[in-house]
Amino acid sequence: MSDRVALVTGGSRGIGRAIALALAESGASVAVNYASSAAKADEVVSEIVATGGNAVAVKADVGDPDQVAALFTTVSDQLGDPTILVNNAGITDDGLLMRMSVEQWDRVLATNLRSAFLCTKTALRPMLRAKWGRIVNISSVSGVAGNPGQGNYAASKAGLIGFTKSIAKEVGSRGITVNAVAPGFIATDMTDALGASVTDAAAQQISVGRLGTVAEVASAVRYLASDGASYITGQTIVVDGGLAL
């Protein structure tokens with residue numbers, strides 16, 4: 001990927017961080033987008049640069065059209081036009097539907113789904129010019145199987161799967177692939193905060209008997225972003241250790 005520029009939204013921590021590092025390891029120049037964790041984003045950039053890679057951190061709320069436009073302008077100016085886009089930015093705001101506010105619903109849909117629409121629409125122009133592109137949308141096993149208390153989150157992640165299939169059909173003839181990766185229960189700072197009893201109980205529901213790692217999710221993304229995945233499009237790769245079987 002030495003001649004590629006990748007943009008990873010929500011790339012400052014967790015799965016996004018692992019994806020940014022994996023793409024950089026493969027030779028891509030990487031734009032690490034973040035909304036508020038500037039120090040974390042700078043750490044990712046420093047780690048990439050320390051190993052001889054090229055990266056920049058760019059702040060933007062990817063649910064806001066004006067900030068998305070500014071984000072892509074900055075990336076193009078500093079690294080070149082991105083032809084690899086990973087729509088990873090996402091939040092949760094859980095609650096049973098009877099108690100869920102309109103604000104909770106809208107906030108999650110804006111960050112998780114609207115952002116993918118805005119970033120993909122903006123990214124397609126340089127990809128069409130290059131006649132090559134890779135778009136990977138980070139969905140979730142919740143979007144595949146549902147999860148109580150996550151009506152907004154599951155809807156946004158299921159929406160990403162439908163979005164993936166539709167855009168794949170629109171641009172497949174132009175050398176652009178669009179796929180989704182749906183992680184299951186992945187060990188991150190957020191899951192660590194749940195405590196051992198909760199994570200141990202979750203592991204018992206997973207076929208392989210353990211939580212996944214961010215590196216395992218990143219490996220799937222790296223493959224889908226490569227030339228080797230040129231005949232794979234419109235697919236959802238579930239990385240959940242057999243949780244949703």
Side-chain angles (χ1 to χ4, degrees), residues 1 4-26 28-51 53-93 106-123 126 134-140 152-153 156-157 160 180-181 183 186-193 213-215 217-218 220-222 225:
M1 300 183 189
R4 309 296 187 193
V5 175
L7 168 60
V8 182
T9 69
S12 65
R13 55 190 300 180
I15 291 173
R17 176 183 181 277
I19 292 169
L21 293 175
L23 294 176
E25 184 180 355
S26 294
S29 297
V30 181
V32 180
N33 160 252
Y34 68 97
S36 58
S37 303
K40 294 289 186 181
D42 288 340
E43 286 177 10
V44 179
V45 170
S46 296
E47 187 168 344
I48 292 171
V49 172
T51 56
N54 191 20
V56 296
V58 187
K59 181 177 181 179
D61 175 356
V62 287
D64 181 283
D66 292 335
Q67 292 191 45
V68 168
L71 166 65
F72 275 82
T73 296
T74 299
V75 173
S76 294
D77 288 346
Q78 296 191 22
L79 297 178
D81 290 337
T83 52
I84 298 172
L85 170 65
V86 182
N87 287 309
N88 169 73
I91 61 170
T92 59
D93 195 348
D106 287 346
R107 183 163 55 250
V108 171
L109 268 290
T111 300
N112 298 5
L113 187 55
R114 187 185 194 207
S115 63
F117 157 70
L118 292 172
C119 290
T120 301
K121 183 177 180 179
T122 307
R134 298 287 184 267
I135 299 168
V136 183
N137 299 314
I138 305 303
S139 180
S140 167
N152 50 3
Y153 182 76
S156 70
K157 295 302 187 177
L160 277 176
V181 171
I186 307 300
T188 64
D189 292 344
M190 293 177 65
T191 56
D192 288 345
T213 68
V214 292
V217 179
V221 175
R222 173 162 52 183

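Predicted model, so just to flag it, every value in this text is computed and none were measured. Sequence positions, counted from 1, serve as the residue numbers for this chain.
Between Gly63 and Ser115, the closest heavy-atom pair is N-CB, 4.2 Å. What you find for Ala22 and Ala218 is that their closest heavy atoms are CB-CB, 4.0 Å. For the pair Asn112 and Tyr153, the tightest heavy-atom approach, listed with the atom from each and the gap, is ND2-CD1, 3.5 Å. Closest heavy-atom contact between Ala60 and Asn33: O-ND2, 3.3 Å. Phe72 and Cys119 get closest at one heavy-atom pair: CZ-O, 3.4 Å. Of all non-hydrogen atoms in Arg222 and Met1, the two that sit nearest each other are O-CE, 3.4 Å.
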Derivation of the side chain to side chain donor-acceptor pair (under 3.5 Å) call for Asp81 and Ser76: CA-CA 4 Å; Asp81 290 337; Ser76 294; 2.8 Å; yes
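Note that CG of Asp66 is 12.5 Å distant from CG of Leu71, once rounded to the nearest 0.5 Å. For the atom pair CG of Leu109 and CG of Asp93, the computed distance is 11.5 Å after rounding to the nearest 0.5 Å. Of the inter-residue distances, the one linking Leu118 atom CG with Thr9 atom OG1 reads 11.0 Å to the nearest 0.5 angstrom. In this structure, Thr111 OG1 and Asn152 CG are separated by 10.5 Å, a value rounded to the nearest 0.5 Å. A distance of 11.0 Å separates OG1 in Thr74 from CD in Gln67, rounded to the nearest 0.5 Å. The distance from the CG atom of Asn137 to the CG atom of Leu85 is 7.0 Å, given to the nearest 0.5 Å.
Residues Arg4 and Arg134 form no side-chain contact, since every pair of their non-hydrogen atoms from C-beta on lies 4.5 Å or further apart. Residues Val108 and Ile91 form a side-chain contact, since some pair of their non-hydrogen atoms from C-beta on lies under 4.5 Å apart. Residues Val214 and Ile186 have side chains in contact (heavy-atom distance under 4.5 Å, counting atoms from C-beta outward).
Remark: of the listed residues Val8, Val86, Asn87, Val86 is the sole one forming a side chain to side chain contact (heavy atoms under 4.5 Å, CB included) with Ile138.
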Side-chain atoms of residues 43-50: list all donor-acceptor pairs with protein atoms under 3.5 Å, sequence neighbours left out, distances to 0.1 Å.
unit_1	atom_1	unit_2	atom_2	d
Ser46	OG	Asp42	O	2.9
Glu47	OE1	Arg17	NH2	2.6

